[in-house]
Amino acid sequence: MNWFLLSLIAILFWSGSDLFSKMGAKPEDTYSHWKMVMAVGVVMGLHAVFMIATGTPFSLGDIVTYLPASFCYITSMVIGYAGLRYIELSISSPVCNSSGAVAALLCFLVLGETMTGLQLFGVVLVCAGVFALSYIEKKKDDALREAEGFTPDKKHTRSVIAIVFPLLYCAIDGLGTFVDALLLDTVIAEEQANIAYEFTFLLMAVFAFVYVVVVKKQRIRLSAERPKIVGALCETAGQFAYVFAIGANAVVAAPMISSYCIASLLWSRIILKEKLTRGQYAVIAVAAVGIAILGME
């Protein structure tokens, strides 16, 4: 299975993870992001056990080897889950997933990885689509709020504290992808890296459980957390495809996969019955052309 098909699979499942994570992010629930960490950690841990049980070689040392990448990814995800309580998915996702551009730039400048001229053009189109979508969504939302005469609460707008979450996600996740490019194949294979990441996430889930349930005395009802569970399943499937795509072609796969925020917007419109503007359709078309170009190379 080539890197392009794997990237498409990651886009599909991670956009689903975005949607269901947002559905499970309740502004009134202070511990919502930690509950999401629990769900993802448990599902990933089960998948890691399955891979080992079906013959994938693994050692505890792999967890230490892959820890720099795991740390970046998990930290960014916790920040991202927390941010969904304060900011709309249609704003958060494009900003967060500009991390692909950060990763591609680091791979290009530091690792000396190369792109053809056509690939570079495809990357530019995808990244331009991501940034433009964020800008369009912000302008549309600001205009709507002004028309309604709504003065929003600081926690639920793109105030400094709200926009800091996706910006931090972007920077830390981009660094994680860069570290991935350093480690995969040369230091650790994709299968072992994926298992190491999943077990590290499971450890974080245990920490979250102790903090939320034991220390803070919060009750967890599985029936109320179904969106988080579905989101965790999507996150795990996307991660499995992602790690192989990055291992095969990091400099191009990273910005392509980062465009899953565009699919996230489409799912939110289809499932939540929201509408796209002409500008949004145009941006999606531009990014789709970029993805098609990357697939041809």
Side-chain angles (χ1 to χ4, degrees), residues 1-18 20-21 36-78 80-81 97 99-100 103 107 111 169 172-208 229-258 260:
M1 192 177 294
N2 63 33
W3 70 267
F4 182 72
L5 182 56
L6 288 166
S7 296
L8 289 179
I9 293 172
I11 288 171
L12 174 64
F13 282 106
W14 272 355
S15 62
S17 176
D18 255 6
F20 289 107
S21 297
M36 188 66 205
V37 169
M38 287 183 226
V40 174
V42 169
V43 173
M44 284 193 172
L46 290 173
H47 181 253
V49 170
F50 173 78
M51 288 187 67
I52 293 174
T54 52
T56 304
F58 180 76
S59 69
L60 292 178
D62 292 329
I63 295 178
V64 178
T65 300
Y66 197 66
L67 189 59
S70 295
F71 175 80
C72 290
Y73 286 140
I74 295 173
T75 300
S76 66
M77 288 180 68
V78 173
Y81 292 144
N97 293 291
S99 61
C107 289
L111 299 183
Y169 178 102
I172 299 172
D173 187 72
L175 179 60
T177 303
F178 170 69
V179 174
D180 242 348
L182 287 173
L183 296 177
L184 290 179
D185 285 335
T186 57
V187 179
I188 187 171
E190 285 90 343
E191 293 90 342
Q192 286 69 44
N194 193 61
I195 294 174
Y197 173 71
E198 291 180 329
F199 275 139
T200 305
F201 219 123
L202 177 60
L203 291 174
M204 180 59 75
V206 172
F207 166 80
I229 296 172
V230 178
L233 291 169
C234 290
E235 182 64 37
T236 302
Q239 174 64 28
F240 185 73
Y242 162 83
V243 72
F244 287 97
I246 291 297
N249 196 345
V251 71
V252 182
M256 177 179 168
I257 294 173
S258 73
Y260 77 81

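Values reported hereafter were calculated over all heavy atoms of this structure, with side chains retained and with hydrogens, waters and symmetry mates removed.
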Which donor-acceptor pairs under 3.5 Å do the side chains of residues 237-256 make with protein atoms, sequence neighbours left out?
| from | atom 1 | to | atom 2 | distance (Å) |
| --- | --- | --- | --- | --- |
| Y242 | OH | Y73 | OH | 2.4 |
| Y242 | OH | T177 | OG1 | 3.1 |

Using 30° and 60° as the class boundaries, would you call the ring planes of F58 and F199 parallel, tilted or perpendicular? tilted
If the condition is ring-ring contact (aromatic ring centres under 6.0 Å, His included), which residues does F50 pass it with, not counting sequence neighbours? none
d(M77 CE, T75 OG1) to nearest 0.5 Å is 11.0 Å
Once you round to the nearest 0.5 Å, how far does CG of L8 lie from CG of N2? 9.0 Å
I need the I9 CD1 to I257 CD1 distance, nearest 0.5 Å. 10.5 Å
Interatomic distance, CG@L182 vs CD1@I188, rounded to 0.5 Å, equals 13.0 Å
side-chain contact (heavy atoms from CB on, under 4.5 Å) between Q192 and T56: does it pass, once the steps are laid out? CA-CA 8 Å; Q192 286 69 44; T56 304; 4.0 Å; yes
Of all heavy-atom pairs between S17 and E235, which one has the smallest distance, and what is that distance? OG-OE1, 2.9 Å
Would you compute the distance between atom CZ of F71 and atom CG of L175 and round it to the nearest 0.5 angstrom? 9.5 Å
Can you find a pair of side-chain heavy atoms, one from S70 and one from F201, that are under 4.5 Å apart? no
For A48 versus I195, what's the shortest heavy-atom pair and its separation? CB-CG2, 4.0 Å
Heavy-atom check, side chain of Y66 versus side chain of V187, under 4.5 Å: no
Where is the tightest heavy-atom contact between I74 and T200, given as atom of each residue plus distance? CD1-CG2, 3.6 Å
Heavy-atom distance under 4.5 Å between the side chains of T236 and E198, does that happen here? yes
All heavy atoms of A193 vs all of L184, minimum pair found to be CB-CD2, 3.6 Å
Identify the heavy atoms of Y169 and S76 that sit nearest to each other, and give their distance. CD1-O, 2.8 Å
Applying side-chain hydrogen bond (donor to acceptor under 3.5 Å, both in side chains), can you list everything that pairs with S15, at least two apart in sequence or on another chain? W267
Quick check: do M51 and N194 have side-chain heavy atoms less than 4.5 Å from each other? yes
Quick check: closest heavy atoms across M36 and S21, and the distance to 0.1 Å? CE-OG, 3.3 Å
Distance check, rounded to the nearest 0.5 Å: I172 atom CD1 versus C72 atom SG? 7.5 Å
